[in-house]
Q: 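First the structure, which I've put down as structure tokens, then a few questions once you've had a look.
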Amino acid sequence: MGTHQVAVLAGDGIGPEIMTVACAVLHRVGRAFDLDLVFTEAPFGGAAIDLTGDPLPPETLALCRQSSAVFMGAVGGPQWDQGPKRPEQGLLGLRKNLGLYANLRPAKVRPQLIGASSLRPEIVGGVDLLVVRELTGGIYFGQPQGITTVDGERQGFNTMIYTESEIRRIAQVAFQAAMLRRKHVVSVDKANVLAVSRLWREIVIEVAADFPEVNLQHLYVDNAAMQLIRWPQQFDVILTGNLFGDILSDQAAMLTGSIGMLPSASLGDGPGVFEPVHGSAPDIAGKDLANPLAQVLSGAMLLEYALGQTQAARIIEQAVDRVLDLGFRTGDITTAGMTQVGCQAMGDHLLDALEELLPGK
């Protein structure tokens, strides 16, 4: 069904390990669905700083722009914390240059892992929510920002800015997603304090008028954080800005028992970027301890959102469920009675499961 160029940015820490597993899964599924997936690797993040001095080299950015999708691992590590350039700058630059304004982070509690959550089973059972986070605006990008000296002491400052068009387009993404789910959107802001949040709320209400089937609710961010722990089953789609979404999506991830289980998609005007929510975990890098499932599930999102291959995406999700049903766990999600395996072994079990699930079986 055609050739699809996929830019592979394995990044740092455990990135290369989990990327190897996920690409093997995508390659196997691609063959079954007559998808010619061409994976081209490029340096990114800290690894790119070491090679070129730039976390997002021009050649890497050019490859991403020319690709059908970008498949990313994780970036960062303590060795780059004090340098003039940080790996995370490459991530922000990629989002800006590709126009990736919508970050979709699903958080679904799989029945097999309900015991791995730090919350009681009756709290997290059945949780299936989607955080829609605005990705290219807000306080992370607003100007002016910096550190200066005022009255003899240092002062840091950032500016939270959102335009009407930025709010409108991310709200439309959230409402469109809700139409395919349970038709409920919770918009999270801080409109009782922030002027930018008051504009956010006004525009979201305007967009909601175009989706009369979708129920809209507003929560202040502090209440939303509490509600995610108190009663997470109430949420379907959470719509919020860059800063609040960064925090709430990680909180939602931990409902599932491990941040190592959560994928994400960043979408916009150009090729989408698909990456796990978790970080580079440098403390376990190279030890075959990493959980590759978030990277694998990010590959499923790549197939669905970038290539329109919904059936192929569902089969990958089914393979993950089958492996979990069989009791295989990496260390971050293991519980009593389960079989603990490493990153590569988890990949092997996924490939075995795919052999039973792919068309023709």
Side-chain angles (χ1 to χ4, degrees), residues 1 4-10 15 17-39 67-74 100 102-113 127-132 177 180-181 249 252-253 256-267 271-278 290-325 328 330 333 343 346-359 361:
M1 299 178 66
H4 302 281
Q5 172 80 43
V6 177
V8 175
L9 313 183
E17 301 168 62
I18 59 177
M19 185 63 76
T20 297
V21 170
C23 285
V25 168
L26 281 180
H27 181 69
R28 180 65 189 92
V29 173
R31 288 207 322 267
F33 283 86
D34 295 323
L35 297 172
D36 184 11
L37 301 177
V38 179
F39 299 107
S67 299
S68 300
V70 179
F71 201 25
M72 185 187 298
L100 304 173
N103 183 231
L104 277 58
R105 292 191 176 188
K108 180 178 181 179
V109 176
R110 285 179 153 77
Q112 308 95 327
L113 299 180
V127 166
D128 181 2
L129 61 87
L130 176 68
V131 178
V132 178
L180 301 175
R181 293 170 55 90
S249 59
T256 69
S258 173
I259 202 169
M261 289 297 301
L262 276 298
S264 77
S266 298
L267 309 175
V273 174
F274 302 86
E275 59 178 317
V277 171
H278 61 71
N291 182 350
L293 295 181
Q295 189 77 61
V296 170
L297 291 168
S298 296
M301 293 188 78
L302 185 156
L303 290 174
E304 181 171 6
Y305 287 96
L307 306 184
Q309 297 292 321
T310 301
Q311 184 184 358
R314 294 293 89 80
I315 286 179
I316 290 179
E317 293 170 357
Q318 291 167 22
V320 169
D321 282 332
R322 178 163 295 193
V323 168
L324 295 175
D325 284 339
F328 296 112
T330 48
I333 56 174
C343 180
M346 182 62 85
D348 292 339
H349 291 303
L350 283 168
L351 292 174
D352 290 342
L354 284 171
E355 292 305 319
E356 299 300 320
L357 292 167
L358 288 170
K361 295 294 181 181

Q: Tell me, please, which residues at least two apart from Asp321 pass side-chain contact (heavy atoms from CB on, under 4.5 Å).
A: Arg110, Gln112
Q: Which residues pass the side-chain contact (heavy atoms from CB on, under 4.5 Å) test with Ala69, not counting sequence neighbours?
A: Phe274, Leu302, Ala306
Q: Sort and list the pairs that fulfil salt bridge (charged side-chain N to carboxylate O under 4.0 Å, His left out) and have at least one residue in residues 294-310, not counting sequence neighbours.
A: Glu304-Arg314
Q: May I ask you to decide if His4's main-chain N or O and Asp36's side chain share a donor-acceptor pair within less than 3.5 Å?
A: no
Q: Please report the interatomic distance CZ(Arg322) to CG(Leu350), rounded to the nearest 0.5 Å.
A: 11.5 Å
Q: Listed by chain and number, what are the side-chain hydrogen bond (donor to acceptor under 3.5 Å, both in side chains) partners of Ser264, not counting sequence neighbours?
A: none
Q: Mind checking what makes side-chain hydrogen bond (donor to acceptor under 3.5 Å, both in side chains) contact with Gln311, not counting sequence neighbours?
A: none
Q: Arg31: which residues meet the side-chain hydrogen bond (donor to acceptor under 3.5 Å, both in side chains) condition with it, sequence neighbours left out?
A: none
Q: Applying ring-ring contact (aromatic ring centres under 6.0 Å, His included), name anything that partners Phe328, two or more places apart in sequence or on another chain.
A: His349
Q: Who pairs with Asp128 by side-chain contact (heavy atoms from CB on, under 4.5 Å), at least two apart in sequence or on another chain?
A: Lys108, Arg181, Arg182
Q: Counting N and O atoms only, with roles assigned by atom type, does the side chain of Ser298 sit under 3.5 Å from a partner on the main chain of Glu275, one being a donor and the other an acceptor?
A: yes
Q: Measuring from Arg28:CZ to Asp352:CG, what's the distance to the nearest 0.5 Å?
A: 11.0 Å
Q: Check side-chain hydrogen bond (donor to acceptor under 3.5 Å, both in side chains) between Asp348 and all other residues, then give those that pass, not counting sequence neighbours.
A: Gln344
Q: Tell me every residue that passes side-chain contact (heavy atoms from CB on, under 4.5 Å) with Ala22, counting only those two or more places apart in sequence or in another chain.
A: Phe71, Gln295, Val296
